[in-house]
Protein chains: 2
Amino acid sequence: MGIEKVLEYQGRDFLPNLSIDLVIIGYQEGALKCLLLNIADKWVLPGGHIKIEESVDTAVQRILKERTALEKPHFKFLSVFGDSNRNFLAEFKAFFEERGLPWQKDHWLAQRFVTLAYYSLVDIEQLSPKPGEFDEAVDWFSFDELPDMGLDHESIILKARNRLKEDIQREQLTYNLLQEEFTMPQLHRLHETILGEKLDRSRFQKKMLATNQFERLPKLKKETPGSNPYLYRRKN
Amino acid sequence: MGIEKVLEYQGRDFLPNLSIDLVIIGYQEGALKCLLLNIADKWVLPGGHIKIEESVDTAVQRILKERTALEKPHFKFLSVFGDSNRNFLAEFKAFFEERGLPWQKDHWLAQRFVTLAYYSLVDIEQLSPKPGEFDEAVDWFSFDELPDMGLDHESIILKARNRLKEDIQREQLTYNLLQEEFTMPQLHRLHETILGEKLDRSRFQKKMLATNQFERLPKLKKETPGSNPYLYRRKN
DNA sequence: ACAAAAGTGTTGAGGTTACACCCATGG
DNA sequence: CCATGGGTGTAACCTCAACACTTTTGT
């Protein structure tokens, strides 16, 4: 969708006052990262709207696919953000004016939005994120070094970060952040990163294997000194 | 709001396509119960819409207060129900026609709604639920004997039932279902009811007291044989 | 041979289970 | 004094934290 279309487009095909924001989380170089878009000097979460004839879950899948090009990306509901002053007016006004485009304060994008926030765990290596129609740039940011963020998106991203920490303790979600085949040391370091604390290596391994969710594959051939770790894969 | 107003009213003050549904849960005579409204031969959850100038949480509080007359009722987010075919068309058409009122298929109420479902735990004794504008009757139903329900409200209510079971195991939510002062046997039976299984009486009591969240009050004077139980109250 | 990495074993502390026991109260 | 209900104690069992030990591999 080109910029001309955006201008004339008044959201006719979408549910008004309702948006979707996505916290797309990846894991790279031992750090948790988040995909952000640059718009008018601020960074914001990727997102979109729900088509009239489309279920919310389908919309999330569609928007996710636009960003990740993955066929079946993981996603999980995070929270509703429904403050009465949630609108992008300032951001979009700046964006339009920067480009010398006409801005009306009753533009469709200036309305108040209730947003449904989801988080998605992806394997960065498999990804090819594409810049959207509105964003000048797309980049991954470590959760420890977030840029200046627009609207309330910083609180959304931090909520996702905390939710992940909680969810990982009762659900197996980490598969989505790793390749299909992975080693226990890799999984161990990932859990330590998410939880932000040291985990006993011995206990972690035994706990994971006790779940009986893993299929042990031949050992991985490494170049570094030390024993070669087994590869594992999810059963089924 | 009288029925005439409903007719001319086209939802101008509310966010369109977005509704709130409430699973109001109480505990009475040893059973978990849910508040339902009768509309056109079906029973539905109480609910409402979000005002343009109002946050989602404020809307939930307002709608809850309309139903319960409680000043600060408990509530917790349950889930988004966003199927593309979620509309009340059939129900409202029947409701209007029963009364000989004109019905147009493009009525505001016939649109597709994304609903935000919340559940609320209340002490039935403190309540005075008022019939809403649309409902012919209001009643409490045990979760084991739900009536014929409209739309997807049965799946919402069952989801709330299961969520409660999960949540009770990590959070103290049960206070809201009991009077301010309660005994351990009462709390014990409540947990057994919610979880649907027997819990060891001794262990339950010790676990609860170990949390150190309770203030022990003088014993309750009963009429029945056996030792009198202590009363407890939440600390703070 | 040595250091580093990975896998497994051991021990004790602390929690949980399933009861048993005791006390209070009304009939 | 007995049945009932409520509070507490206890021994067996299980789980888990902490650390030790062993094996594998590159230099």
Side-chain angles (χ1 to χ4, degrees), chain A residues 27 29-30 165-166 168-172 174-175 178-235, chain B residues 27 29-30 165-166 168-172 174-175 178-235:
Chain A
Y27 176 68
E29 294 155 13
K165 205 190 269 193
E166 291 166 26
I168 197 187
Q169 317 219 30
R170 21 169 210 284
E171 290 174 76
Q172 270 301 352
T174 40
Y175 302 109
L178 295 173
Q179 318 267 94
E180 199 185 326
E181 300 185 357
F182 53 88
T183 68
M184 276 299 152
Q186 283 173 350
L187 193 61
H188 178 231
R189 273 186 286 272
L190 172 55
H191 276 241
E192 286 190 335
T193 303
I194 293 177
L195 294 174
E197 60 183 288
K198 288 276 168 209
L199 297 174
D200 183 86
R201 194 173 53 86
S202 159
R203 192 147 27 85
F204 179 81
Q205 175 131 344
K206 272 180 287 187
K207 200 187 213 170
M208 286 296 138
L209 293 180
T211 63
N212 201 32
Q213 296 179 101
F214 297 89
E215 185 180 355
R216 180 178 273 187
L217 305 172
K219 290 195 178 190
L220 173 69
K221 181 80 185 117
K222 288 188 313 164
E223 317 286 272
T224 57
S227 182
N228 287 334
Y230 291 104
L231 278 172
Y232 289 92
R233 183 166 56 192
R234 296 192 72 166
K235 279 188 183 173
Chain B
Y27 177 66
E29 295 155 13
K165 205 189 271 193
E166 291 166 27
I168 198 188
Q169 318 219 29
R170 22 169 209 282
E171 289 174 77
Q172 269 301 351
T174 40
Y175 302 109
L178 294 174
Q179 318 268 94
E180 199 185 325
E181 300 185 357
F182 52 89
T183 68
M184 275 300 154
Q186 283 173 350
L187 192 62
H188 178 232
R189 272 186 288 271
L190 172 55
H191 276 241
E192 286 189 336
T193 304
I194 293 177
L195 294 174
E197 59 182 288
K198 287 277 167 208
L199 298 174
D200 183 86
R201 192 172 55 87
S202 159
R203 192 149 28 86
F204 180 81
Q205 175 131 343
K206 273 180 287 189
K207 200 187 211 168
M208 286 295 138
L209 293 181
T211 63
N212 202 32
Q213 296 180 100
F214 298 89
E215 185 180 356
R216 180 178 274 186
L217 305 173
K219 290 197 177 188
L220 173 69
K221 182 81 187 112
K222 286 189 314 163
E223 318 287 88
T224 56
S227 182
N228 287 333
Y230 291 104
L231 278 173
Y232 289 92
R233 184 167 54 193
R234 296 192 73 163
K235 279 189 185 172

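Atoms considered below: every heavy atom in the structure, side chains included; atoms not considered: hydrogens, waters and symmetry mates. Since this is a predicted model, take the numbers as computed values, not measurements. So that the names make sense, note that chain A is the first sequence line, chain B the second, and so on, each numbered from 1.
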Examine distances only and state if a side-chain atom of B/His188 and a backbone atom of B/Leu199 form a donor-acceptor pair shorter than 3.5 Å. yes
For A/Ser227, which residues count as a side-chain contact (heavy atoms from CB on, under 4.5 Å) partner, sequence neighbours excluded? A/Lys219
Which atom of B/Tyr27 lies closest to which atom of B/Arg189, heavy atoms considered: OH-C, 3.8 Å
Would you say CD of B/Glu180 has more than 12 non-hydrogen atoms from neighbouring residues, nucleotides or ligands within 6.0 angstrom? no
Which nucleotide of DNA chain D is the first, and which the last, in the 5' to 3' direction, to come under 4.0 Å of a heavy atom belonging to chain B? D/dT4 to D/dT10
Any donor-acceptor pair under 3.5 Å linking the side chain of B/Glu181 with the backbone of B/Tyr232? no
Just grab all the salt bridge (Lys or Arg N to Asp or Glu O under 4.0 Å) pairs involving residues 200-212 of chain B, residues at least two apart or on different chains. none
For A/Lys207 and C/dG7, what is the distance between atoms NZ and P respectively, to the nearest whole Å? 18 Å
Taking B/Thr183's backbone N and O only, do any of them form a donor-acceptor pair with B/Gln186's side chain (distance below 3.5 Å, no angle check)? yes
Not counting sequence neighbours, which residues clear ring pair (Phe, Tyr, Trp, His ring centres under 6.0 Å) with B/Tyr230? List them please. none
Parallel, tilted or perpendicular: ring planes of A/Phe214 versus A/Phe182, cut at 30 and 60 degrees: perpendicular
Verify the contact: side-chain N or O of A/Gln205 to OP1 or OP2 of C/dT8, cut-off strictly under 4.0 Å; return yes or no. yes
Count the heavy atoms belonging to other residues, nucleotides or ligands that lie under 6.0 Å from NZ of A/Lys198, then report whether that count exceeds 12. no
Between A/Lys206 and A/Thr224, which has a closest nucleotide on DNA chain D that is more 5'? A/Lys206
Could you identify which residues of residues 190-204 of chain A place a heavy atom less than 4.0 Å from some atom of DNA chain C, listed by residue number, or say none? A/Arg201, A/Ser202
Near DNA chain D, which residues from residues 214-223 of chain B have a heavy atom under 4.0 Å away? B/Arg216, B/Lys222
